[in-house]
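These notes concern the structure reproduced below.
For this chain, numbers begin at 1 and follow the sequence in order.
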Amino acid sequence: MSQLLDLAHHVVVLADPSPPAGGGVLPNIAPDKNAPGAGAFTSLIGALMYYGLLAGIAGLLLGAISFGLGKYFGNHHATTAGRTGMLGSLAATIVVGGGASLVNWAFNLGATIS
């Protein structure tokens with residue numbers, strides 16, 4: 001393996017890019033769902049998603065209340081803040097609900113890199 005560090009020309013080579021001796025087969029590494037503590041982490045992530053859903057519902061309700069009361073009393077600032085709160089909580093809930101799908105998509109996209 002060649003190890004070259006030339007800071008004057010900003011060239012860094014840490015490993016020889018040729019395949020390893022013995023056939024050039026790289027190990028096949030995959031996620032292990034049976035790893036110690038995997039069930040606890042899965043349960044923890046599920047609980048956090050549930051709390052995120054509850055927070056999204058609470059934010060939507062509080063934003064709707066602020067929007068309604070601001071409109072009723074003629075307070076344009078409260079109306080705008082309520083509308084912004086409703087849209088923000090909806091966007092956050094979409095991210096919480098689709099988070100697992102987004103991470104799986106990114107993981108599968110990264111797995112195609114060879």
Can you give me the closest heavy-atom contact between [X] and [Y], atom names plus distance?
X	Y	answer
Met86	Gly63	CG-C, 3.5 Å
Ala38	Lys33	CB-O, 3.5 Å
Ala78	Gly70	CB-CA, 3.9 Å
Gly59	Ser89	C-OG, 3.6 Å

For Trp105, which fellow cluster members are found when Ile, Leu, Val, Met, Phe, Trp and Tyr are connected by side-chain heavy-atom distances below 4.5 angstrom, either directly or through intermediates?
Leu109
My understanding is that a hydrophobic cluster links ILVMFWY residues whose side chain heavy atoms are under 4.5 Å apart, including indirect links. Using that, what else belongs to the cluster containing Phe73?
Ile65, Leu69, Tyr72
Using the test side-chain contact (heavy atoms from CB on, under 4.5 Å), find all partners of Asn34 that sit at least two apart in sequence or belong to another chain.
Asp32
Is a side-chain N or O of Ser66 found less than 3.5 angstrom from the main chain of Leu62, in a donor-acceptor match?
no
Just by distance, do the side chain of Thr80 and the backbone of His76 share a donor-acceptor pair under 3.5 Å?
yes
Mind checking the OG1-CZ spacing from Thr112 to Phe107? Nearest 0.5 Å is all I need.
11.0 Å
Once rounded to the nearest 0.5 Å, what's the spacing between atom CG of Leu48 and atom CG of Leu53?
12.5 Å
Same hydrophobic cluster for Leu90 and Phe67, using side-chain heavy-atom links shorter than 4.5 Å among ILVMFWY?
yes
Is Ile45 linked to Val96 within one hydrophobic cluster, defined over Ile, Leu, Val, Met, Phe, Trp and Tyr using a side-chain heavy-atom separation of less than 4.5 Å?
yes
